[in-house]
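Notes follow the structure.
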Amino acid sequence: MDAKDILGLPKISLPVSQEKKSRPQKDSQRKPDGISREVYALTGGVAPLMPSIDVNQLKKRQQQPENEKITWEWLSFTNSARKDDLKLYHWVRVVNGTPPSGDYSFAKYNKYVDVIKYTDEEYEKHLTDPSWTKEETDQLFDLCERFDLRFVVIADRFPSTRSVEELKNRYYSVSRAILIARAPSPADVSGHPLVKEPYNISQEIDRKRALSMVLSQTKQQERKDAEILSEAKKIMESRMAAKAAQDAELAVTSNTSPEGMEKTTAPVETASPSNIQATSGVAPLMSMADNAAAAAASLRMLRVYLRTYALDQMVQAASSSAGLRTIKRVEQFLQELKVNLKPKVPTKAVCAEHLELRKEILTLLNLQKLLQSKEEGSSHREGSYTETPDTPKRGIDQDRSFIPDSVSFGERVGKRDQKRKW
Amino acid sequence: MARVSIPTDQNDAAVEESDSTPPQQMIETEDEENKSLTKKIKDLEICVPIAYGTISFWLGKKATETQSHMWTVYVRGATNEDLSAVIKKVVFQLHPSFSNARRVVESPPFELTERGWGEFEIAISIFFHNDVCDKQLDLFHPLKLYSEAEHGPLSTKKPVIVESYDEIIFPNPSDKFLARVHNHPSVIVPRLPPTLNLPHAPMDDTRRGDTKDHPHGQWFNRFSEADELLKLAEARQQVQNHIVKLKRRLSMLEG
């Protein structure tokens, strides 16, 4: 049922015949020359905008057939690689009646090894060896020539059982001896690889044994080896670090307390002897005085440092017993007192004063805490909550006014990041 | 927790004149001979005050997209003295977008001038002479081209200068170094004990490497410790008063 029937529209006959006419036109348009329709459809039905391959880059078909007459003939040929005169036949491309010249194209692949040939006299003079008879040596050399120095094959073919290394050893030592004997002067051959690096049979045997051992290692063995190697590496590194620490310790003065001495070795070992290092390897159990001693000693260990760095270290050492909140309160206190957290002009005197100030503030805070706990304790004991909390609290509030309870200033510690503003 | 005592800084091991540190024990000479193979003088710190930073000028009409400012990064003596007695060379590591980002300056004045448009952090590595120290010292300084103040009109006359004061300390100076610089104006050397026999070292006065006549010298900060010391003294006084008050209260409670 046509939709048009349902709608009651009349079927228009004219456009149908037009469609028929346009379709064959479109078809012929769509099918280009030289390329099948399906392949053309792969490109989406449109020719590519730019040729992807330059036509000149493609191989050109030979133009010669136009000038010459090519025939193929069944001809015989000789192979210079063969010792006999065997003539075989194959198809040959003949151009204009003349067959191609030149040797069989594969003859050049027949390569030989230059195996030395010695005369009997030479053998008598240079090459006698207790473990090798002349016959054996001759056999060896014959096999070497036949099998192009493929010692594995030679060893297999060798009449008496000799290992590959033994055969190699004999061959190379004989060649070397002949080479040296025949050379007009030793200097001429000293560059020859045989003379420069003679075959070392024991080394070769060991090497091959080691290689086979490595190859045949089981997975467990491999893992064990890796573990042992990494442990050895660690031991080496710790040994080197201990040596460096020992060298540095020579410079330590006798002023440091014995505790400080032990603690300084730890920071020196962990910190490389450069200047931008944090030496916060100090145990928290140490008292402030020992902290300061350790910090001072570690500073002295450095070759050169900045005063600001030294101040940071001492401040850290001094506040090592304090928690983070206390440190923040110290800093707030400093800001209230209108003192820079990091002095703008860090001279020796300024830094010393700054350090002392910080320590005094810490003391103050500790005292306040102590006072508070004592007063709270006493108020609990007396049991009167209305009276006593008022009076002491007022006093504390007066002191507290210096420390704002509001927003704590987040201090931007010098960040070492690169940024580019625009 | 019973009583908290303020610990004295017993281990500031430098022979000093200043009042804030307590007097120091001297190392006996035999100790010194036994200890180190290299001849180093113990407990003597050599201090070199420096100022380092950047100064940048807006180029105004001559500014381009990629070069809006001309800036100089430098390391100078805090009182503009010649640092070449101590410093062998300074290496400035710039942003990688600069060609040859690693710039080496081997003679005073130890500074580098460039043109650019962006702010970034410059790594400054100071290398000292062989008899001074064989380790380098690394500093960082962010280059500032625009002042922190409001986005006011840029001026070609007034530069944006950011300097930091610091002191380079050599805790164990070698004999040679000490001999060479103990009279040099760029270096602060504490009073030497009279028993010390320093080998005589000639002073090289031929080349002037100080920055006293620097073209931008008018902008350099004069760092004075007096203000800060005053502030600190005041602060300490206040804190100490508080401590006294608290201690009195504490003793009242306990007593």
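We name chains A, B, ... by the order of the sequence lines, and we start the count at 1 in each one.
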**OP:** Counting only heavy atoms closer than 4.5 Å, note whether Leu299(A) contacts chain B via side chain, backbone, both or neither.
**Re:**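 Only the backbone of Leu299(A) comes within 4.5 Å of chain B.
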Enter the distance from [X]:[atom1] to [Y]:[atom2] here, rounded to the nearest 0.5 Å.
X	Y	atom1	atom2	result
Gln237(B)	Leu357(A)	CD	CG	11.5 Å
Leu139(B)	Leu306(A)	CG	CG	5.0 Å
Asn366(A)	Leu246(B)	CG	CG	11.0 Å
Lys245(B)	Leu364(A)	NZ	CG	10.0 Å
Lys247(B)	Leu370(A)	NZ	CG	11.0 Å
Leu250(B)	Glu375(A)	CG	CD	8.5 Å

Do the charged groups of [X] and [Y] touch, with an N to O distance under 4.0 Å?
X	Y	answer
Glu360(A)	Arg236(B)	yes
Lys348(A)	Glu225(B)	no
Glu234(B)	Lys338(A)	no

Subject >> Residue list, side-chain contact (heavy atoms from CB on, under 4.5 Å) with Asp312(A), at least two apart or on another chain >> reply: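 Partners of Asp312(A) by the side-chain contact (heavy atoms from CB on, under 4.5 Å) criterion, ordered by chain and then number, come out as Lys342(A).
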Original post:
So with a 6.0 Å cut-off around CZ of Arg103(B), is the heavy-atom count from everything else above 12?
Top reply: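 Counting neighbours around CZ of Arg103(B), more than 12 heavy atoms of other residues, nucleotides or ligands fall under 6.0 Å, so yes.
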**OP:** Can you establish whether the number of heavy atoms outside Leu324(A) located under 6.0 Å from its atom CG is more than 12?
**Re:**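 Counting neighbours around CG of Leu324(A), 12 or fewer heavy atoms of other residues, nucleotides or ligands fall under 6.0 Å, so no.
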Heavy-atom distance under 4.5 Å between the side chains of [X] and [Y], does that happen here?
X	Y	answer
Tyr165(B)	Thr347(A)	yes
Arg303(A)	Asn172(B)	no
Phe333(A)	Val239(B)	yes

**OP:** Quick one: which of Ile169(B), Asp227(B), Ile46(B), Asn221(B) has the most heavy-atom pairs under 4.5 Å with chain A, could you say?
**Re:**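 So the answer, after comparing Ile169(B), Asp227(B), Ile46(B), Asn221(B), is Ile169(B).
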Would you name the heavy atoms of [X] and [Y] that are closest together and state the gap between them?
X	Y	answer
Val350(A)	Leu232(B)	O-CD1, 3.5 Å
Lys231(B)	Val339(A)	O-CG2, 4.4 Å
Leu302(A)	Pro171(B)	O-CG, 3.1 Å

Original post:
Side chain, backbone, both or neither: which part of Ser164(B) has a heavy atom under 4.5 Å from chain A?
Top reply: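 No part of Ser164(B) comes within 4.5 Å of chain A.
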Original post:
Would a distance-only check, ignoring hydrogens and angles, find a side-chain to backbone donor-acceptor pair under 3.5 Å from Glu228(B) to Lys344(A)?
Top reply: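 Pair found, side chain donor or acceptor close to backbone of Lys344(A).
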Original post:
What salt bridge (charged side-chain N to carboxylate O under 4.0 Å, His left out) pairs are there with at least one residue in residues 165-174 of chain B, not counting sequence neighbours?
Top reply: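 Non-adjacent pairs meeting salt bridge (charged side-chain N to carboxylate O under 4.0 Å, His left out): Arg307(A)-Glu167(B).
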